[in-house]
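Following: one structure in structure tokens, then a few remarks.
In what follows, every chain begins at residue 1, and chains take the letters A, B, ... in the order their sequences are listed.
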2 protein chains.
Amino acid sequence: MSRPEHESERDSEKPRGRPRSNLAHQAILEATRDLLTSGGYERLSIEAIAARAGVGKQTIYRRWRSKSAVVAEVVLAGYLPIHAGTPADTGDVLVDLQAWVREQVAWHTYPGAVALVRGLAAAAADSDADAGRLYDQLTGPVREGLMHRLAVGVQQSQLRADADLEAATDAIIGSLLFRVLARSDTSSVNTDSIVEIVIGGIGKRWRNPAGPPAGWAVPPDAP
Amino acid sequence: MSRPEHESERDSEKPRGRPRSNLAHQAILEATRDLLTSGGYERLSIEAIAARAGVGKQTIYRRWRSKSAVVAEVVLAGYLPIHAGTPADTGDVLVDLQAWVREQVAWHTYPGAVALVRGLAAAAADSDADAGRLYDQLTGPVREGLMHRLAVGVQQSQLRADADLEAATDAIIGSLLFRVLARSDTSSVNTDSIVEIVIGGIGKRWRNPAGPPAGWAVPPDAP
DNA sequence: CCATAACAATACGGACCGTCCCGTAAGCGA
DNA sequence: TCGCTTACGGGACGGTCCGTATTGTTATGG
């Protein structure tokens with residue numbers, strides 16, 4: 001790169017010339033948020049953002065490479081109620097995660113939330129190379145918060161020490177993603193059941209004196 | 001509608017005039033498949049389809065309402081190796097589902113498979129109203145096959161009778177979807193673990209004479 | 001032969017794209 | 001204070017693709 005344009009340029013170079021306007025920056029992100037939640041990703045265009053923000057298109061392109069990059073920043077900068085909070089810790093991992101999932105599901109009733117998630121999926125689809133990175137940025141905090149709570153559950157001996165917490169996390173997030181993307185009849189699947197299943201799958205088990213039924217392979221378990 | 005244009009028009013109306021060309025129909029779907037697997041959904045356009053199929057644009061619009069509708073038909077007509085097969089039944093539901101998931105993951109290595117799935121997500125995103133229906137059509141067969149195998153597992157007493165099979169199915173499909181859409185480093189998450197967790201979560205449990213640890217809520221279980 | 005409708009091809013206005021250029025505004029060093 | 005440099009709003013530009021309309025041709029049934 002001859003001149004630092006996008007991304008962080010916190011190297012030893014002193015910025016010369018007129019500095020970038022924070023007001024313009026903020027106006028762009030707010031306009032993007034508004035258009036995204038009202039009209040969805042398909043109706044979102046750079047020109048529409050520029051017009052609503054009262055900004056030249058170049059001012060947008062000077063900062064971001066593409067529409068999906070702007071959307072990513074909107075999310076990362078906290079302009080949307082993405083609700084990436086860490087689950088609470090009341091001592092019961094099942095209850096905590098069920099409450100957390102209920103919060104996520106409740107967020108989906110916000111106006112434009114479903115359209116937003118679908119739009120992010122579309123944004124990732126037309127980034128292609130950036131798709132994985134975009135998802136990582138967007139779902140990373142959620143993943144970390146979830147996995148941290150599960151790790152605490154392991155420390156509290158509620159979950160197996162050898163449990164694959166990554167897989168469990170992906171199962172929960174994947175279920176929510178699938179629900180939002182695909183299932184229009186939102187009341188169909190009981191999200192409490194999903195958490196119950198996953199937590200049951202990585203939770204401690206109790207041995208039956210009579211032993212397991214014949215033909216039923218016992219997963220590895222540490223007492 | 002004054003004249004039946006799209007969808008099924010198998011009512012009592014006798015078709016008059018020149019009938020629609022099957023060759024054109026087929027050429028459109030094949031061109032769509034090729035462009036979709038080679039260039040992804042973003043590079044797919046009605047004009048590109050028409051050009052590649054040697055067809056006028058009107059011939060496409062006469063049949064389908066939008067780009068996403070064409071894509072949906074391509075998938076539904078079996079022009080793509082979607083791999084919606086029912087899991088085998090060897091008697092061990094864990095082994096069967098792990099093998100099935102491995103097949104799905106293997107399919108993701110096909111050229112364009114990931115781009116295809118992401119494209120379908122994008123297609124659903126800009127259909128909005130049709131998004132749920134499109135997903136249902138696409139994932140419906142997969143869901144049914146998976147749920148059927150789980151139901152067999154219940155009959156074979158490997159799974160709990162009161163298990164929420166819908167939730168379990170969504171957890172598995174959601175994990176795969178999340179994996180394909182989001183996680184570019186495909187080797188990160190062990191898919192066997194996911195199946196193990198879900199099956200463990202709806203499988204039979206064995207009671208410990210000493211009882212569960214204090215503070216650990218026992219999920220309902222039927223002996 | 002005649003009515004009807006699908007066909008390929010192409011023209012059309014419109015929406016956005018991404019880049020470029022204008023005149024102006026805002027910092028900085030000399 | 002004066003250049004130098006860069007960002008600003010605004011808008012022109014060629015380009016792609018949209019979805020529709022038109023034209024002349026072709027296939028089918030009455």
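Not a single donor-acceptor pair under 3.5 Å links the side chain of B:Q158 to the backbone N or O of B:G153. At distances below 3.5 Å, at least one donor-acceptor pair connects side-chain atoms of B:K67 with backbone N or O atoms of B:L44. In this structure a side-chain-to-backbone donor-acceptor pair under 3.5 Å is present from A:R63 to A:T59. Put simply, the side chain of A:T139 never gets that close to the backbone of A:V142: no donor and acceptor are under 3.5 Å apart.
Checked by atom type, the side-chain pair B:H25/B:R20 shows no donor-acceptor distance below 3.5 Å.
Rounded to an integer number of Å, the gap from CG of A:L35 to C1' of C:dA15 is 15 Å. Taking atom CD1 of residue A:I60 and atom P of nucleotide D:dA7, one finds them 15 Å apart after rounding to whole Å. As rounded to whole Å, 15 Å separates atom P of C:dG18 from atom CH2 of A:W64. Distance A:L23 CG to D:dA7 P: 17 Å, rounded to the nearest Å.
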Nucleic acid footprint by protein, nucleotides 18-30 of chain D - heavy-atom cut-off 4.0 Å, B for base, S for sugar-phosphate alone: BBBB----BBS--
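The pair A:R52-A:E30 does not meet the salt-bridge criterion, since no charged nitrogen lies less than 4.0 angstrom from a carboxylate oxygen.
Toward the 5' end of DNA chain C, the nearer of the two residues A:R43 and B:A24, judged by each one's closest nucleotide, is B:A24.
Put simply, B:R20 has no side-chain N or O that comes within less than 4.0 Å of OP1 or OP2 on C:dA5. For the pair B:R62 and C:dA8, the criterion of a side-chain N or O lying under 4.0 Å from OP1 or OP2 is not met. For the OP1/OP2 pair of D:dA7 and a distance below 4.0 Å, the side-chain nitrogens and oxygens of A:S21 include no atom meeting the criterion.
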